[in-house]
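Note that ligands are numbered from 1 as they come in the structure, with each ligand's atoms numbered from 1 the same way.
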Amino acid sequence: MPEKKERTYRFCFGPWNLSEGQDPYGPPTRPPQSFDWKLEKLKEIGFDAMMFHDDDVVPDIDQKSDKELLEEAKEVKKKLSDAGVAAEMVAPRLWFSPRTIDGAFTNNDPKCRRYAIERCLRCIDIARTLGTDLIVLWLAREGTYIRESKDGRKAVERIADAIDKMLAYDKKIRVAIEPKPNEPMDQAYVPTIGHALALAHLTRDPKRVGCLIESAHAILAGLDPADEIDFACAFGKLWSIHLNDQNGLKFDQDKPFGSVNLRSAFNQVRALERNGYGRKGEYVAFDVHPYRTTKVEHWTLHLENSRKTFLRLLEKARTFDEETAKKLIADRNYAELDQMTLDHLLGD
Ligand code: GLO
Ligand code: MG
């Protein structure tokens with residue numbers, strides 16, 4: 001059997017993926033849970049790594065000294081090592097502070113821009129302590145509600161400049177940009193993988209700037225997540241992935257993987273498999289949330305189910321009749337290729 005078929009994937013989620021049911025219209029529907037509880041669940045349900053925001057590791061980070069920050073990060077590192085769980089990445093949560101109301105790197109106020117960069121450097125200190133070289137930038141507020149309020153070219157240059165400062169601060173880190181076209185902003189400056197990878201070339205070390213694809217973000221941009229995967233992989237730049245699902249152009253729903261469009265999920269798994277994703281140690285992360293209606297006793301089902309669906313679709317990708325598909329493609333019989341794909345998914 002070719003090596004490819006024996007390959008196993010490693011899975012990951014973040015503490016925020018065990019959220020408590022709050023939405024813009026209502027308060028939590030489940031009680032808060034400790035980090036230790038989440039770590040224990042992660043192990044129980046067969047996951048391998050945890051992804052972090054900087055303040056998942058060091059809560060109230062802006063109130064902490066550098067010494068406190070390192071001490072707290074070391075404590076978390078110890079918990080992870082004891083549990084045999086890796087840290088996949090750390091992302092600066094640049095969208096919570098009052099200083100980033102008008103954006104982080106693209107804020108019109110230089111003091112706020114400085115804060116954002118300093119915060120990223122502290123995030124790098126945390127990543128180093130946790131033993132990961134991957135920094136994820138979801139550029140949440142780098143956009144506008146009022147287009148005339150910012151200069152788009154300057155905004156892009158400022159983002160590149162901030163990334164440069166991060167790359168200079170630590171020669172080992174890699175930065176993965178997680179693009180999203182909207183939400184919370186009306187319009188974002190780096191809405192797609194094409195934008196993210198082009199932006200990499202404005203930085204001092206393009207080799208160390210790649211991307212993270214989230215299925216829902218591609219869908220919100222009107223794009224096919226599987227095509228985004230192939231595009232990023234053609235550049236060797238897919239360093240992480242947030243698989244989930246999204247029912248059309250609504251708020252970012254973070255539904256379980258495959259729960260809206262199984263065929264699209266199949267094509268995402270197929271693209272990952274075809275591109276050898278994971279061979280360089282990349283993890284499959286599920287950026288999914290429990291439904292607001294979820295009871296405490298079912299709290300981790302959205303993660304377990306996403307993983308289960310992924311593995312079942314992997315089986316489907318590996319048993320897809322490539323030979324017949326090739327013949328149908330040569331014959332331009334796409335109608336039959338279409339039906340063959342459906343039959344395969346339906347189990348015929
Ligand atoms: C929100 C994003 C968010 C990020 C996370 C890591 O839409 O998907 O969950 O993935 O904050 O940067
Ligand atoms: Mg995400």
S.K.: Regarding Asp62 and Arg119, does a basic nitrogen lie under 4.0 Å from an acidic carboxylate oxygen?
M.R.: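 Yes, this pair counts.
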
S.K.: Report yes if Trp95 has an N/O atom closer than 3.5 Å to an N/O atom of ligand 1; otherwise report no.
M.R.: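 Checking ligand 1 against Trp95, no N or O pair falls under 3.5 Å apart.
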
S.K.: Near His217, which atoms of ligand 1 are under 4.0 Å from a heavy atom of that residue?
M.R.: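 Those qualifying, in numeric order: 1 (C), 2 (C), 7 (O), 8 (O).
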
S.K.: Looking at Asp252, which atoms of ligand 1 are within less than 4.0 Å of one of its heavy atoms?
M.R.: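 Here the atoms of ligand 1 in question are 1 (C), 7 (O).
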
S.K.: Below 4.0 angstrom from a heavy atom of Glu178, which ligand 1 atoms are there? Numbered from 1 as shown, please.
M.R.: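 Selected atoms, number and element: 2 (C), 4 (C), 6 (C), 8 (O), 10 (O), 12 (O).
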
S.K.: Is it true that atom CZ of Arg312 has more than 12 heavy atoms of other residues, nucleotides or ligands lying nearer than 6.0 Å?
M.R.: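 Result for CZ/Arg312: open.
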
S.K.: Taking the Mg ion (ligand 2) as the reference point, name the nearest N/O/S atom of Glu214.
M.R.: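 Restricting Glu214 to its N, O and S atoms, the minimum distance to the Mg ion (ligand 2) goes to OE1.
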
S.K.: Does Asp254 bring an N, O or S atom to under 2.8 Å of the Mg ion (ligand 2)?
M.R.: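 Under 2.8 Å: Asp254 has no N, O or S contact with the Mg ion (ligand 2).
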
S.K.: Can you tell me which portion of Lys180 lies within the under-4.0 Å heavy-atom range of ligand 1? Options are side chain, backbone, both, or neither.
M.R.: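 It is the side chain that gets close, since no backbone atom is under 4.0 Å.
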
S.K.: Nearest N/O/S atom of Glu178 with respect to the Mg ion (ligand 2), by atom name, please.
M.R.: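 Checking each N, O and S atom of Glu178, the shortest distance to the Mg ion (ligand 2) belongs to OE2.
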
S.K.: Applying side-chain hydrogen bond (donor to acceptor under 3.5 Å, both in side chains) to Thr324 and Asp321, what does each step give before you reach the verdict?
M.R.: CA-CA 6 Å; Thr324 306; Asp321 186 349; 2.5 Å; yes

S.K.: Have a look at ligand 1 and work out which part of Glu214, if any, has a heavy atom under 4.0 Å from it: side chain, backbone, both or neither.
M.R.: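 Side chain only.
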
S.K.: Could you grab the angle centred on the Mg ion (ligand 2), going from ND1 in His242 to OD2 in Asp287, to 10°?
M.R.: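 Taking the Mg ion (ligand 2) as the apex, I get 90° for this pair.
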
S.K.: For atom NZ of Lys250, is the number of surrounding heavy atoms from other residues, nucleotides or ligands below 6.0 Å larger than 12?
M.R.: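 Count over threshold, so yes.
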
S.K.: Can you tell me if Lys308 has over 12 outside heavy atoms packed within less than 6.0 Å of its NZ?
M.R.: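 For Lys308, atom NZ is not crowded (no more than 12 foreign heavy atoms under 6.0 Å).
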
